[in-house]
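Computed from a predicted model, the values in this text were never measured in an experiment.
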Amino acid sequence: MKAMKLIKALCVLGLATAGLCMLSACTDTGSNGKGTSGADGLTGGVAATVNGVEIAEDDVTVYIQEYRTSYGMTDEDSWGEYLADSGTTPEAFREDTIGTFIEDELTRQAMAEKGIEVDTAEVDERINAMRVNYESEEAWNQALQGAGWTEEAYREEIGLRLQLMRLIEEVAPAEEPAEEDVLNYIQMYMSMFDGAKRSSHILFESADEKTAQEALDKINAGELDFAEAAKQHSKDGSAENGGDVGWDKLSQFVTAYQEALDELELDQVSGLVTSEYGIHVIKCTDLFTAPEEVTDPNQVPVEYADTIRNMIRGWNQEEAYNEWLEKYREAADIVINPMPAKVPYNLNIDKYIIWDDEGDEDAEDEEAEYEDLMDEEADDGDGAQDAETGEGDTEGDEAQAPPAAS
């Protein structure tokens with residue numbers, strides 16, 4: 001389907017890190033993008049158009065229904081209570097969801113206009129970089145299946161994510177942050193990095209305990225250099241770097257690995273550590289103790305300073321991209337149609353609104369605000385809505401439809 005592909009793609013590239021994190025699940029609506037009127041309360045029809053491209057009402061319905069399911073709100077009462085507690089309504093929730101679909105479609109159209117494409121070789125490179133973190137093809141396929149992916153779908157999502165990255169780079173080029181900002185954020189987060197440990201590991205297959213023990217014995221006897229042993233034996237991508245997997249405060253290691261690293265002093269080597277990825281031999285290669293005062297980014301490990309620098313660069317680029325996207329949206333021809341009455345997530349929310357029974361002034365104000373909201377939605381239902389008047393505020397609203405969860 002067209003809709004939601006880019007949204008789901010936002011979580012694709014973070015599915016594996018340093019060979020020590022597992023694939024994460026991303027949600028798919030499972031709809032075909034054309035609507036299936038009559039099934040499971042679906043109504044058919046068109047929810048909105050974006051420069052003439054239709055967004056199927058059923059795609060919106062399926063997405064909302066799966067959102068409800070994912071949070072255990074399949075019965076009417078739990079759904080109604082959620083909407084009421086969040087200060088929204090079925091109509092407003094639908095509009096937020098449609099807004100997400102609109103952004104998806106606008107992004108696709110912008111990529112097409114600018115001729116942004118991704119070479120198959122780039123996708124292959126990304127796939128291979130992640131596959132190498134699993135000890136076998138079977139383990140890789142199990143990870144994909146456990147996250148709800150086929151490899152074909154996974155490849156498609158990576159391609160879309162790479163396209164989106166290209167678009168962002170073109171319309172909102174990243175700018176280097178000011179060193180003053182970098183220093184300010186380093187100072188702000190310094191306590192979080194205090195006590196960080198850097199480590200290297202050698203990863204053996206689970207069935208290769210004998211080889212792992214032999215290598216460990218040679219390392220402990222001084223007969224084999226740890227980095228060389230990693231290059232010879234390690235089964236993951238860190239081997240070419242002598243097993244280096246970086247700082248623990250900048251990574252998310254599996255529990256068994258982190259617990260073993262926590263016990264190591266500088267330059268100390270662990271025993272055999274078993275995790276779902278195989279057998280690790282771990283060495284603590286560096287230890288960072290935060291200085292009392294930081295006046296220069298060079299006082300912290302370069303990887304930490306670079307992480308802060310990249311974070312600020314990313315925030316700035318995201319802000320610039322959102323500004324560009326808003327202007328692109330304003331120039332688009334967007335029409336949002338009224339909500340069909342018989343969609344399965346619709347209900348009368350009145351009985352779920354709980355007013356202060358003391359009848360104080362605040363309660364009266366709340367009730368007046370609610371009535372105003374109902375009046376606005378009644379007015380909106382009289383005809384098609386445009387993007388400026390129909391989508392509603394999508395920031396800071398607890399009940400807005402979020403991107404597919406990763």
### Message
Between T289 and D194, is there a side-chain heavy-atom distance shorter than 4.5 Å?
### Response
yes
### Task
Tell me, with the steps shown, if D124 and R155 meet salt bridge (Lys or Arg N to Asp or Glu O under 4.0 Å).
CA-CA 8 Å; D124 290 340; R155 291 178 62 85; 2.6 Å; yes
### Task
Assess whether side chain to side chain contact (heavy atoms under 4.5 Å, CB included) is satisfied between E95 and M339, documenting all intermediate values.
CA-CA 9 Å; E95 288 178 10; M339 184 182 81; over 6 Å; no
### Message
Between Q258 (side chain only) and Q252 (backbone N and O only), is there a donor and an acceptor less than 3.5 Å apart?
### Response
no
### Query
Does a side chain donor of either Q299 or T295 reach within less than 3.5 Å of an acceptor in the other side chain?
yes
### Message
Taking side chain to side chain contact (heavy atoms under 4.5 Å, CB included) as the criterion, tell me which of Y352, F93, Y71 meets it with Y82.
### Response
F93
### Query
How about E209: does its CD atom have over 12 heavy atoms from other parts shown lying under 6.0 Å from it?
no
### Query
When rounded to the nearest 0.5 angstrom, what distance separates NE2 in H280 from CZ in F253?
10.0 Å
### Message
Donor-acceptor pair, distance only, cut-off 3.5 Å: does the side chain of K197 make one with the backbone of L261?
### Response
yes
#### Entry: Stepwise side chain to side chain contact (heavy atoms under 4.5 Å, CB included) test for F204 and L272
CA-CA 10 Å; F204 299 86; L272 302 186; 5.7 Å; no
### Query
Hey, is the main chain of A172 close enough, under 3.5 Å, to the side chain of Q317 for a donor-acceptor pair?
yes
### Query
When rounded to the nearest 0.5 angstrom, what distance separates CG in L164 from CD1 in I168?
4.0 Å
### Task
Start with the C-alpha distance between Y67 and T97, add both sets of side-chain angles, then the distance that settles side chain to side chain donor-acceptor pair (under 3.5 Å), and finish with yes or no.
CA-CA 10 Å; Y67 176 81; T97 302; over 6 Å; no
### Query
Sub-3.5 Å donor-acceptor pair from the side chain of E223 to the main-chain atoms of I219, do we have one?
no
### Message
Checking side chain to side chain contact (heavy atoms under 4.5 Å, CB included) between R108 and each of V50, V53, L160, which is the one that passes?
### Response
L160
### Message
Between D75 and S78, do the side chains contain a donor N or O and an acceptor N or O under 3.5 Å apart?
### Response
yes
### Query
For G52, does its backbone N or O pair with a side-chain atom of T49 as donor and acceptor, under 3.5 Å?
no
### Query
Taking atom CD of E151 as the centre, does the number of heavy atoms from other residues, nucleotides or ligands within less than 6.0 Å exceed 12?
yes
## Note on the structure
Tightest non-hydrogen contact, residues V182 and A305, listed as CG1-O, 4.3 Å
### Message
What I'd like to find out is whether the side chain of Q145 reaches to under 4.5 Å of the side chain of W149, using heavy atoms alone.
### Response
no
### Query
Nearest 0.5 Å, what's the CZ-OG1 distance between R329 and T107?
9.0 Å
#### Entry: Minimum-distance pair of heavy atoms, taken over all atoms of V60 and A47
CG2-CB, 3.9 Å
